[in-house]
Amino acid sequence: MSDIIDEVISTFRVSSIFKNRDYLMPDYVPDELPHREEQIRKVASILAPLYRGEKPNNIFIYGLTGTGKTAVTKFVLSNLHRKFPEKFRYIYINTRQSDTPYRILADLLEALSIKVPFTGLSIAELYRRLIKAINEYNLPIVIVLDEIDAFIKKYNDDILYRLSRINSEINKSKVSIIGITNDVKFVDSLDPRVKSSLGEEELVFPPYNADELEDILRKRAQMAFNDGVVSDNVIKLCAALAAREHGDARRALDLLRVAGEIAERLRDSKVKEEYVYIAKTEIERDRVHDIILTLPFHSKLVLAAVVLKSNDGGVLTTGAVYEEYLSLTRKLGVEAITQRRVSDILNELDMVGILTAKVVNRGRYGKTKEIKLAVDKNIVVKTLLESDNRFADIWS
DNA sequence: CATCCACAGGAAGGACGGGGGT
DNA sequence: ACCCCCGTCCTTCCTGTGGATG
């Protein structure tokens, strides 16, 4: 048995593929960000007042996923901070990870080294403590709220409003907010007061094109892989596949990393192009798998209904899905939830990319959603079966 | 041109289980 | 011990709606 472990470890210890895999990890912030020089300059110049201990303007940053918004922001802040560690403080919060008002406030407090219980307090109490903490803090603070659009959509812009108002509640203004969002239209849904306060500076990040992606990949590949392991064609392929997905650099890096991992697993000394394709389906499979496993039971049931009805081909409507869902609940002998809730669940499944639910008006035939599965049916079925044995009665 | 379909999706609220402060 | 708060799912009730049809 220990042979197996030795074997596995040995492939890890001396990798013929990777020099250092970390450079391909999503959270790695590189020393240089090719093709984002202009954005770096802009962000840096907005934040420059920190050097004099003054509060910079608030910033709104737009751009699709994987266009370097987070990387540029972190890059500029960490560089500034390294140069002037005594001048200011910055806090980065990803609102997808900390996805409730409570958790955001708790994270902020924690970053200011104030311990708070992870539940139990009222939001108002957290605000009180936060304001007190900021009041006692004498440096400017930059708060980065990443991916706020999803958060605001789910809750409201109350936190943004309150955070932007903190300055007027304390003696000296010193809190700057950097809001990062994937959704450009999202700003319109904000309270005008928040909009004007947070939108003091606006910045748009365009997607990378295939050439730029290639450039980025080449630089990273050099750091991450051993020499001669990755051919230019592999890099071009990763760039091309990611460019198709609106120039998502993270996607491109993921492809390259996973392709490398596959080569490593197969004890190959080179990353072949076919591994990139395998990586693509593997990434997709893992994503779908993770999402489905964490779904509540009735969401899984709704998904099962969609899968079953998709057998008939064509587009589904909310009504059709609900009917199928009801028959499943009867089959399994569980209580059904309302169609109103199922409608929301379909939207949730759309948001995580498992299916697409597009609202359409079909005139005489009413307003409904056109629902289509967006991922491989077999993966869905397999994961559903694995996640809850009650599904065995449906796919026997 | 009005009608009316088949829902969309907002608002309010409730049950429940996680966990407080005092 | 007491009462309070929050997030997660969910319900009930509701008003709104684009365009094929009559």
Problem set entry | Short side-chain N/O contact to B/dC7 OP1/OP2 from A/Thr318, under 4.0 Å | no
For this session: For the side chain of A/Arg103, starting at C-beta, report the closest nucleotide among C/dT8, B/dA8, B/dG19.
Result: C/dT8
For this session: Indicate whether any N or O donor in one side chain lies under 3.5 Å from an N or O acceptor in the other, for A/Asp146 and A/Thr70.
Result: yes
For this session: Between A/Thr119 and A/Arg341, just flag the one whose closest nucleotide in DNA chain C comes earlier from the 5' side.
Result: A/Thr119
Exercise. Would one find more than 12 heavy atoms of other residues, nucleotides or ligands at under 6.0 Å from atom CD of A/Glu323?
Worked result: no
Exercise. Contact class for A/Asp344 vs. all strands (heavy atom < 4.0 Å): base, sugar-phosphate, or nothing?
Worked result: nothing
For this session: Check whether any side-chain N or O of A/Tyr365 sits under 4.0 Å from OP1 or OP2 of C/dT21, and answer yes or no.
Result: yes
For this session: Step through it carefully: locate the ring centre of A/Phe18, locate the ring centre of A/Phe225, and say whether they are under 6.0 Å apart.
Result: yes
Problem set entry | Touch class at under 4.0 angstrom, heavy-atom based, for A/Gln339 against every strand present | sugar-phosphate
For this session: Would you mind classifying the nucleic acid contact of A/Ala357 as base, sugar-phosphate or nothing, using non-hydrogen atoms under 4.0 angstrom?
Result: nothing
Exercise. Taking OP1 and OP2 of B/dC4, is either one under 4.0 Å from a side-chain nitrogen or oxygen of A/Lys367?
Worked result: no
Exercise. What is the nucleic acid contact for A/Tyr155, judged by heavy atoms within less than 4.0 Å: base, sugar-phosphate only, or nothing?
Worked result: sugar-phosphate
